[in-house]
Amino acid sequence: MSPVGSRCVGILLLVSIPVLLHCVSACVADLCNWRGSGLACDPRARAVQQVRLRCTEGAVEWVYPSQALRVVLEPNLSSARHTTACIKPFGGVGGASVYMERAGELHLLVAEGARSDKVYCFRVDGPQKPAVFLQAGVQRDISRRSVGFRYELLGNRSSAPDLRASLVQAVCRPCNDAELLLAVCSSDFVVRGHISNVSHDAQQQTSSVEIFEARVYRQRSGAFERDAGVTGGWHGRIHTLLQCQVKAGGGQFLFTGAEHFGEAWLGCAPRYKDFVAIYRASRQVRQNPCEFPLD
C-alpha cells in the first residue's frame, strides 16, 4: 500500500460516541488509501484523528497508534448506493481495537492483540456515512506497533456480518446462456484452466478450487499468478460456498467471478467447449454483449 498524503487541522467537534466527547483532529485523504501516525497527536489533548476516504475500496494503516482514529468512508459517487461496508484487518491487530460505528454507537470487531483474517461486514443504510473506529490501548512501548485494514463498499448485498452472506454471490446452479455471456463481459476475472484439486473448509463453509495451466483473460487484483516454469501458464485459487458442492472434473473450464480483498470468488464456470459453442451461436446472430478472443 502506497502512502497517501493528508491535510490535518485541529478543530473542535463533538463526537457522538459514548465516553468519547473531546477534540477531534480532522484529516482528509483525497484518494483511496491512508497511512498515518498516532504520534501526530498531542498526547495531552486526548484527540481523535479523523480521516475521510473518497473511494469504494482501499486500505488504512495506522502506525504508532495513540488515542483514537475514526475513518469515514465517503466515496465521491453521488449516484451510487452502497448498502454494505466490509473490512478485513491486516492479520494481527497490534496496539488498537477495531470497532464499527453505527448510529453513534461502537461495536467491537477485533480486540487489541487478536489475530483475525476474517472479513467483517455491516449495513450502512441511512444518512450516516459508514465509519470504522480504532481505539489505541495504553502502551509503554509503541515501537513496531501498527494496525490497519482493507475496506470495500458494496451495494445490493445481504446485511449478515460475514463473508459468505455479504461478499459471495456464488452460483450453485449452472448459468444460463445470457448469464454466462454477461459474466464473461463484466466479471472481475475471466480465466480458462484445469482443476487440480478441490478442498473444503467445514468451519468457514467454503470450498477452494485450485486452478493450473490457466490462461488469464482478465483479473482485477492479482489473484492468479504466472508459473515460474517454461510453460508460462498461470495458477490460482477460486473460492465458493461449501453448499455448492464443487468437485474436481477433467477438461478445461472457463471461470468467471468477483474479486474481494485479493481473493477470487466463483461465478459462472462452464466447460470451455460449451462456452465456445454458446458464444459462437450468439455472435452469429449478433447477440453477444462483448467480444471474446477465441483460440
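What you see is a predicted model, and the numbers here were worked out from it, not measured in a lab. Residues: numbered from 1 along the sequence shown.
Considering every non-hydrogen atom in both Asp201 and Gln203, the closest pair reads OD1-N, 3.0 Å. Nearest heavy atoms, Pro65 versus Val147: CB-CG1, 4.4 Å. Nearest heavy-atom pair across Asn33 and Gly58 is OD1-CA, 3.3 Å. Taking each heavy atom of Ala131 and Phe122 in turn, the nearest pair found is O-CZ, 4.1 Å. Residue Val98 comes nearest to Leu108 through the heavy atom pair O-CD1, 3.6 Å, listed as atom of the first residue, atom of the second, then distance. Closest non-hydrogen pair, Val190 versus Val184, comes out as CG2-O, 3.5 Å.
Side-chain atoms of Thr206 and His239 form no donor-acceptor pair, as typed in the model, at a separation below 3.5 Å. There is a side-chain donor-acceptor pair under 3.5 Å between Ser221 and Glu259. Using modelled atom types and a 3.5 Å distance limit, the side chains of His235 and Glu210 yield no donor-acceptor pair.
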**Request:** Could you walk me through whether Val191 and Phe224 pass the side chain to side chain contact (heavy atoms under 4.5 Å, CB included) test, one step at a time?
**Result:** CA-CA 9 Å; Val191 176; Phe224 299 88; 3.7 Å; yes
Steps toward side chain to side chain contact (heavy atoms under 4.5 Å, CB included) verdict (Val72, Val51): CA-CA 6 Å; Val72 180; Val51 173; over 6 Å; no
* To do: For side chain to side chain contact (heavy atoms under 4.5 Å, CB included), just list the numbers for Val119 and Phe261, CA-CA rounded to whole Å, side-chain angles, deciding distance to a tenth of an Å, and then say yes or no.
  => CA-CA 9 Å; Val119 173; Phe261 300 103; 3.7 Å; yes
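Once rounded to the nearest 0.5 Å, the distance linking CH2 of Trp234 with OH of Tyr217 reads 13.0 Å. Considering CD of Glu74 and CG of Leu153, their distance stands at 11.0 Å, rounded to 0.5 Å. From Asn197, atom CG reaches atom CZ of Arg237 across 7.5 Å, with rounding to the nearest 0.5 Å. One finds the CH2 atom of Trp62 at 9.0 Å from the OG atom of Ser37 (value rounded to the nearest 0.5 Å). Distance check, rounded to the nearest 0.5 Å: OH of Tyr272 to CG of Leu294 gives 5.0 Å. Interatomic distance, CG of Leu134 versus OG of Ser66, reported as 12.5 Å (0.5 Å rounding).
The shortest distance between side-chain heavy atoms of Cys86 and Thr84 falls below 4.5 Å. Residues Phe275 and Leu180 are in side-chain contact: their nearest non-hydrogen atoms beyond the backbone lie under 4.5 Å apart. The side-chain heavy atoms of Ile87 and Leu109, taken from C-beta on, include a pair separated by under 4.5 Å. Between Pro75 and Cys55, every side-chain heavy-atom pair lies at or beyond the 4.5 Å cut-off.
Under the 3.5 Å distance criterion, the side-chain polar atoms of Glu263 are left unmatched by any main-chain donor or acceptor of His260. Judged purely by atom type and a 3.5 angstrom limit, Arg35 has no side-chain atom pairing as donor or acceptor with the backbone of Ala59. Ser97 places a side-chain N or O within 3.5 Å of a backbone atom of Glu112 that can act as its donor or acceptor partner. For the pair Gln135 (side chain) and Gln67 (backbone), a donor-acceptor distance under 3.5 Å is present.
Scanning for side-chain hydrogen bond (donor to acceptor under 3.5 Å, both in side chains) contacts around Gln219 gives an empty result, with sequence neighbours left out.
In this structure, Phe149 and Tyr151 have perpendicular ring planes: the angle between them is above 60°, well past the 30° mark.
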With a cut-off of 3.5 Å and sequence neighbours excluded, list every side-chain donor-acceptor pair involving residues 278-285.
residue	atom	partner	partner atom	Å
Tyr279	OH	Glu291	OE1	3.2
Tyr279	OH	Phe292	N	2.8
Ser282	OG	Ile278	O	3.4
Ser282	OG	Tyr279	O	2.8

Which donor-acceptor pairs under 3.5 Å do the side chains of residues 242-258 make with protein atoms, sequence neighbours left out?
residue	atom	partner	partner atom	Å
Gln252	OE1	Arg192	NE	3.4
Thr256	OG1	Cys268	N	3.1
Thr256	OG1	Cys268	O	2.9

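A salt bridge does not link Arg150 with Glu57: none of the charged nitrogens is closer than 4.0 Å to a carboxylate oxygen.
A chain of hydrophobic side-chain contacts below 4.5 Å, direct or via other Ile, Leu, Val, Met, Phe, Trp or Tyr residues, connects Tyr120 to Leu53.
Close placement of the His194 and Phe212 rings is indicated, their centers lying within 6.0 Å of each other.
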